[in-house]
Amino acid sequence: MPELPEVETVVRTLAPHLRGRRIVSAAFTSRFVTPGNRRALARRVAGRRIESVRRRGKFIVIELDRGTLAVHLGMTGKLLMDGMSGEHTHAVFTLDSGVLLYDDPRQFGRIEWCPARVARLGPEPLEIGLEEFIARLRRHKARLKPLLLNQAFLAGLGNIYVDESLFTGGIHPLAIASRLSAPRAARLYQAMRDVIRLAIEHRGSSISDYVDADGNRGEFQLLHRVYGREGEPCIECGALIRKIVVAQRGTHYCPKCQKR
DNA sequence: ATCGGTACCTGCACGC
DNA sequence: TGCGTGCAGGTACCGA
């Protein structure tokens, strides 16, 4: 489900509820979402005060008065403030005011204590400068689609926003990163940032079940230009949008607008 | 360094 | 109606 714009939306809706609250107790029930000692994790967070909630890549980073909790939503994870717990609720945080639930049917998400993964993330797409972006592209002989999905290269893009960014930049998903000309790299940079900013403005994409911390859906899915539009005419040129498989992921592009 | 394949887990749409 | 198959916003790990 969640890529940078969705996680950003969750953080924005969650932060006002959580900031300054105290975690009275926590209960974790999934060996997948919370690998390792779940009781120990519950003891660690119990009694802690929430200092801040922020996003790093696709992680939700919750700073406590002692320690840091990181939540990754995987494909179907949801953090719900005062929501209804159900059969896929795998974590319950009882606060001094309100209850925070973690819901995740597929259990690809994780709730972890100070995970090393966060430190290994690449730069934020909205923070990296053009020069550095181009310099980093030059260092990789990889194809753009898998490279942009690589969180160590850039943190936060996922399948939807890579496809949308490549389309907006007019660049083929199989193009080789190190061989992109500077003008084309600059177009990609601009496109990626425009797409992400617009998606955040529209509170992310709700394809099937994504909702923010208040249970509201996003609406950027209405503005997708290639993702999920295989066989439909390109909005720019009318050619039919194609879907291929790259890096085991469905990859949507316009064969006319996106030349290799 | 990069790639393809597999694995983790559940739900849903589809064809028969 | 039921069943098998493939696919889904994510990441980690393996061997080549």
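In what follows, every chain begins at residue 1, and chains take the letters A, B, ... in the order their sequences are listed. Any value given below was found using the heavy atoms of this structure, including those in side chains, with hydrogens, waters and symmetry copies removed.
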Student: Once you round it to whole Å, what is the distance between C1' of B/dG4 and CG of A/L149?
Tutor: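 Atom-to-atom, A/L149 to B/dG4, this comes out as 15 Å.
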Student: DNA chain B: A/E87 or A/R110, which has the more 5' nearest nucleotide?
Tutor: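 Closest to the 5' end, via its nearest nucleotide, is A/R110.
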Student: Taking the side chain of A/H88 as its heavy atoms from C-beta onward, which of B/dG11, B/dC9, B/dC3 lies nearest to it?
Tutor: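 Nearest nucleotide to the side chain: B/dG11.
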Student: What does the 5'-to-3' dot-bracket notation of DNA chain B look like when only Watson-Crick and G-U wobble pairs under 3.5 Å count, and pairs to other strands show as |?
Tutor: .|||||||.|||||||
Student: How many Å lie between CD on A/Q151 and P on C/dG10, as a whole number?
Tutor: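 In whole Å, C/dG10 P and A/Q151 CD are 8 Å from each other.
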Student: Output yes when A/R49 and A/E51 qualify as a salt bridge under the 4.0 Å nitrogen-oxygen rule, no when they do not.
Tutor: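 Answer for the salt bridge query: yes.
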Student: Side chain to side chain contact (heavy atoms under 4.5 Å, CB included) between A/R12 and A/R203: does it pass, once the steps are laid out?
Tutor: CA-CA 10 Å; A/R12 288 183 186 186; A/R203 307 167 57 80; over 6 Å; no
Student: Please tell me which of the listed nucleotides, B/dG11, B/dC9, C/dG9, lies nearest to the side chain of A/P105?
Tutor: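 When the side chain of A/P105 is considered, B/dG11 is the closest of B/dG11, B/dC9, C/dG9.
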Student: Check this one for me: any side-chain N or O of A/Y227 less than 4.0 Å away from OP1 or OP2 of C/dG9?
Tutor: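 Yes, such a contact exists.
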Student: Just to be sure I understand the rule, does A/S178 reach a base, reach only the sugar-phosphate, or reach nothing, if contact means heavy atoms closer than 4.0 Å?
Tutor: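 Nothing, no heavy atom under 4.0 Å.
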Student: Taking only the side-chain nitrogens and oxygens of A/K243, find out if one of them lies under 4.0 Å from OP1 or OP2 of C/dA8.
Tutor: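 Answer is yes, contact under 4.0 Å.
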Student: When you measure from the side chain of A/H72, which nucleotide among C/dT11, B/dT2, C/dG9 comes out closest?
Tutor: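 Ranking C/dT11, B/dT2, C/dG9 by closest atom to the A/H72 side chain puts C/dT11 first.
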Student: I'd like to know if the side chain of A/H252 pairs up with that of A/D163 as donor and acceptor (distance under 3.5 Å, no hydrogens or angles considered).
Tutor: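 A pair is found: one side chain offers a donor N or O, the other an acceptor, under 3.5 Å apart.
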Student: Using only atom types and a distance under 3.5 Å, with no angle test, would you say the side chain of A/Q151 pairs donor to acceptor with the backbone of A/L157?
Tutor: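 Yes.
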Student: A/A142 has a side chain; which of C/dG9, B/dT2, B/dC9 sits nearest to it?
Tutor: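 The answer is B/dT2.
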Student: It should be established whether A/R249 places a side-chain nitrogen or oxygen under 4.0 Å from OP1 or OP2 of nucleotide C/dC7.
Tutor: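 No.
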Student: Answer yes or no as to whether B/dC8 has its base stacked against A/F32, where stacking requires a ring-centre separation under 5.5 angstrom and planes under 30 degrees apart.
Tutor: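 Taking the rule of under 5.5 Å and under 30°, the ring of A/F32 does not stack on B/dC8.
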Student: Tell me whether the OP1 or OP2 atom of C/dG9 has a side-chain N or O from A/K58 closer than 4.0 Å.
Tutor: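 Answer is no, no contact under 4.0 Å.
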Student: Under 3.5 Å, is there an N or O donor on one side and an acceptor on the other linking the side chain of A/Q248 and the base of B/dG5?
Tutor: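 Side chain to base: pair present.
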Student: Looking at the side chain of A/Q107, which of C/dG9, B/dT10, C/dA12 is the nearest nucleotide?
Tutor: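 Of all the options, the side chain of A/Q107 is nearest to B/dT10.
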Student: Are any of A/R31's side-chain N or O atoms less than 4.0 Å away from OP1 or OP2 of B/dC8?
Tutor: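 Result: no.
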Student: Using whole Å, report how far CG of A/L147 lies from P of B/dA1.
Tutor: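 In whole Å, B/dA1 P lies 12 Å from A/L147 CG.
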Student: Closest to the A/E3 side chain: C/dA8, B/dC9, C/dG10?
Tutor: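 The nucleotide sitting nearest to the side chain is C/dG10.
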Student: For A/E232 and A/I241, indicate whether the former's side chain and the latter's backbone hold a donor-acceptor pair under 3.5 Å.
Tutor: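 Between the backbone of A/I241 and the side chain of A/E232 there is no qualifying donor-acceptor contact (under 3.5 Å).
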Student: Would you kindly give the OH-to-C1' distance between A/Y210 and C/dG10, to the nearest whole Å?
Tutor: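 After rounding, the reported distance stands at 16 Å.
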Student: Angle between ring planes, A/F59 versus A/H72, binned at 30° and 60°: parallel, tilted or perpendicular?
Tutor: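 Ring orientation of A/F59 relative to A/H72: perpendicular.
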Student: Quick check on the hydrophobic clustering: are A/L198 and A/I160 connected, directly or via other members, by side-chain heavy-atom contacts under 4.5 Å?
Tutor: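 Looking at the clustering, A/I160 is in the same group as A/L198.
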Student: Using whole Å, report how far CE of A/M75 lies from P of B/dC12.
Tutor: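 So the CE-P distance, A/M75 to B/dC12, works out to 15 Å.
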Student: Under 3.5 Å, is there a donor-acceptor pair between the side chain of A/R22 and the main chain of A/G47?
Tutor: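 Yes, the answer is positive, given that a donor and an acceptor are paired below the 3.5 Å cut-off.
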Student: One thing to verify: whether A/E124 and A/R56 come together as a salt bridge, which I'm taking to mean a side-chain N less than 4.0 angstrom from a carboxylate O.
Tutor: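 A salt bridge is present here (some side-chain N lies under 4.0 Å from a carboxylate O).
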Student: Using the C1' atom on both, measure C/dG9 against B/dC3 and round to a whole Å.
Tutor: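 Result for the C1' pair: 23 Å, nearest Å.
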Student: Does a side-chain N or O of A/R143 approach OP1 or OP2 of B/dT2 to a distance below 4.0 Å, or not?
Tutor: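 For B/dT2, OP1/OP2 do not have a side-chain N/O of A/R143 under 4.0 Å.
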Student: Mind calculating the distance between CG (A/L73) and P (B/dT10) to the nearest angstrom?
Tutor: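 Nearest whole value for this atom pair: 18 Å.
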Student: What interatomic distance, in whole Å, is found between P of B/dT6 and the corresponding atom of C/dG6?
Tutor: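 Pairwise P distance, C/dG6 against B/dT6, rounds to 12 Å.
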Student: If I take atom CG in residue A/L174 and atom P in nucleotide B/dT2, what distance separates them, rounded to the nearest angstrom?
Tutor: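 After rounding, the gap between these two atoms is 15 Å.
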Student: A/F153 has an atom CZ; how far is it from atom P of B/dT2, in whole Å?
Tutor: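 Atom CZ in A/F153 sits about 10 Å away from atom P in B/dT2.
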